[in-house]
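Structure first, commentary second.
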Amino acid sequence: MSGVNRVPLIAGNWKMHTTYEEALRLAEAYRERLTTLDGVECALIPPFPWIVPIAERLQGSPLALGAQNCATIDVGALTGEVSARMLAPFCRYVIVGHSERRHKLGESDEMVAAKLQAALRNGLDPILCVGELLGERDQGMAEQVVERQLRSALDTLEAAQLRRLVIAYEPVWAIGTGRPATPADAQAMAAHIRRWIGERFGSSLAETVRIQYGGSVNAGNAAGFLQLPDIDGALVGGASLDVQQFCEIVRLARELGRATSSTLATDS
Ligand code: PGA
């Protein structure tokens with residue numbers, strides 16, 4: 001067991017939900033209820049158009065903001081895209097490689113890698129999603145698939161950039177299905193991811209990388225994940241639209257989190 005205190009990150013991915021009014025109400029409720037986070041980080045990740053008005057309303061709050069996606073390049077003729085450079089003044093985090101984008105919108109490993117670079121280049125902390133399909137797990141290929149996704153995304157990363165990376169292990173079959181992975185499976189994959197990073201970047205650096213679990217996390221099952229040694233928070237979809245549930249998940253992270261300070265260990 002390492003002596004590194006990784007600050008758990010609870011991030012709420014609102015996906016393509018909420019009207020403008022609903023989004024403002026939700027952000028306002030979180031601002032009022034999550035006034036001190038005590039050793040946990042919490043990020044709201046609303047749809048693009050609500051980012052700026054919510055950023056204005058979150059001033060002075062410990063809540064961070066994130067975006068659900070970014071373009072592969074910073075500026076140019078890419079109709080409909082939003083670049084990391086545009087998001088950077090308002091967001092700390094950006095999700096890259098969410099399975100809905102990989103599998104429903106045809107995002108390739110190469111595009112995910114380019115988005116990761118765009119995020120880092122513009123000072124955003126990427127939340128890189130990795131995870132296998134059900135068929136891939138059934139065939140015993142889960143680790144192989146996750147390794148492929150990691151290899152392609154992290155191939156050109158330098159050690160210093162790795163410190164800003166958050167990885168979200170999200171088995172595709174667990175997302176939005178009400179059927180989460182077992183804590184044992186989540187822990188096994190998170191430990192595998194950390195080992196894999198350790199082999200490439202050194203184990204002391206691997207110990208600083210935060211690995212979240214995502215996929216049907218709710219207030220009832222979150223504790224099972226948040227107490228695992230290699231899981232450092234959760235990427236929450238559906239339950240992040242429910243104030244009671246999301247606040248309870250943050251409370252559990254605070255209670256069960258191992259972090260005693262917000263200082264991540266650095267190796268030299
Ligand atoms: P879910 O979504 O919590 O609704 O399963 C998680 C995610 O897609 O990040």
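Only this structure's heavy atoms are used, side chains among them; waters, hydrogens and symmetry mates stay out. Position 1 is the first residue of the sequence, and the numbers go up from there.
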Could you tell me which residues satisfy side chain to side chain donor-acceptor pair (under 3.5 Å) with Gln139, sequence neighbours excluded, listed by chain and number? none

Residues that Arg179 engages under salt bridge (Lys or Arg N to Asp or Glu O under 4.0 Å), provided they are two or more places apart: none

The criterion is side chain to side chain donor-acceptor pair (under 3.5 Å); which residues satisfy it with Arg33, sequence neighbours excluded? Gln244

Test salt bridge (Lys or Arg N to Asp or Glu O under 4.0 Å) applied to Glu81 - qualifying residues, sequence neighbours left out: none

List the residues meeting side chain to side chain donor-acceptor pair (under 3.5 Å) with Glu143, not counting sequence neighbours, and say none if there are none. none

Could you tell me whether Glu28 and Arg31 make a salt bridge, using a distance below 4.0 angstrom between a side-chain N and a carboxylate O? yes

Taking only residues at least two apart or on different chains, which pairs with a member in residues 213-227 satisfy salt bridge (charged side-chain N to carboxylate O under 4.0 Å, His left out)? none

Are any non-hydrogen side-chain atoms of Cys70 and Leu87 less than 4.5 angstrom apart? yes

Any link between Leu165 and Val112 through a network of hydrophobic side chains (Ile, Leu, Val, Met, Phe, Trp, Tyr) touching at under 4.5 Å? yes

Which pairs pass ring-ring contact (aromatic ring centres under 6.0 Å, His included) with one or both residues in residues 23-45, sequence neighbours excluded? Tyr30-Phe246

Set of ring pair (Phe, Tyr, Trp, His ring centres under 6.0 Å) partners for Tyr20, sequence neighbours left out: Trp50

With Arg101 via salt bridge (Lys or Arg N to Asp or Glu O under 4.0 Å) - residues at least two apart: Glu107

Mind checking side chain to side chain donor-acceptor pair (under 3.5 Å) for Glu248 and listing every partner two or more places apart, or none if nothing turns up? Arg251

Quick one: side chains of residues 117-133, donor-acceptor pairs under 3.5 Å with protein atoms, not counting sequence neighbours, listed by atom name and distance.
| unit_1 | atom_1 | unit_2 | atom_2 | d |
| --- | --- | --- | --- | --- |
| Gln117 | NE2 | Thr156 | OG1 | 2.8 |
| Arg121 | NE | Asp74 | OD2 | 3.0 |
| Arg121 | NH2 | Asp74 | OD1 | 3.1 |
| Asn122 | ND2 | Asp74 | OD1 | 3.0 |
| Asn122 | ND2 | Ala118 | O | 2.8 |
| Asp125 | OD1 | Arg164 | NE | 3.1 |
| Asp125 | OD2 | Arg92 | NE | 3.0 |
| Asp125 | OD2 | Arg92 | NH2 | 3.1 |
| Glu132 | OE1 | Tyr169 | OH | 2.9 |
| Glu132 | OE2 | Arg137 | NE | 2.6 |
| Glu132 | OE2 | Arg137 | NH2 | 3.4 |
| Glu132 | OE2 | Tyr169 | OH | 3.0 |
| Glu132 | OE2 | Trp173 | NE1 | 3.0 |

Do any pairs count as a ring-ring contact (aromatic ring centres under 6.0 Å, His included) and have a residue in residues 61-101, sequence neighbours left out, and if so which ones? none

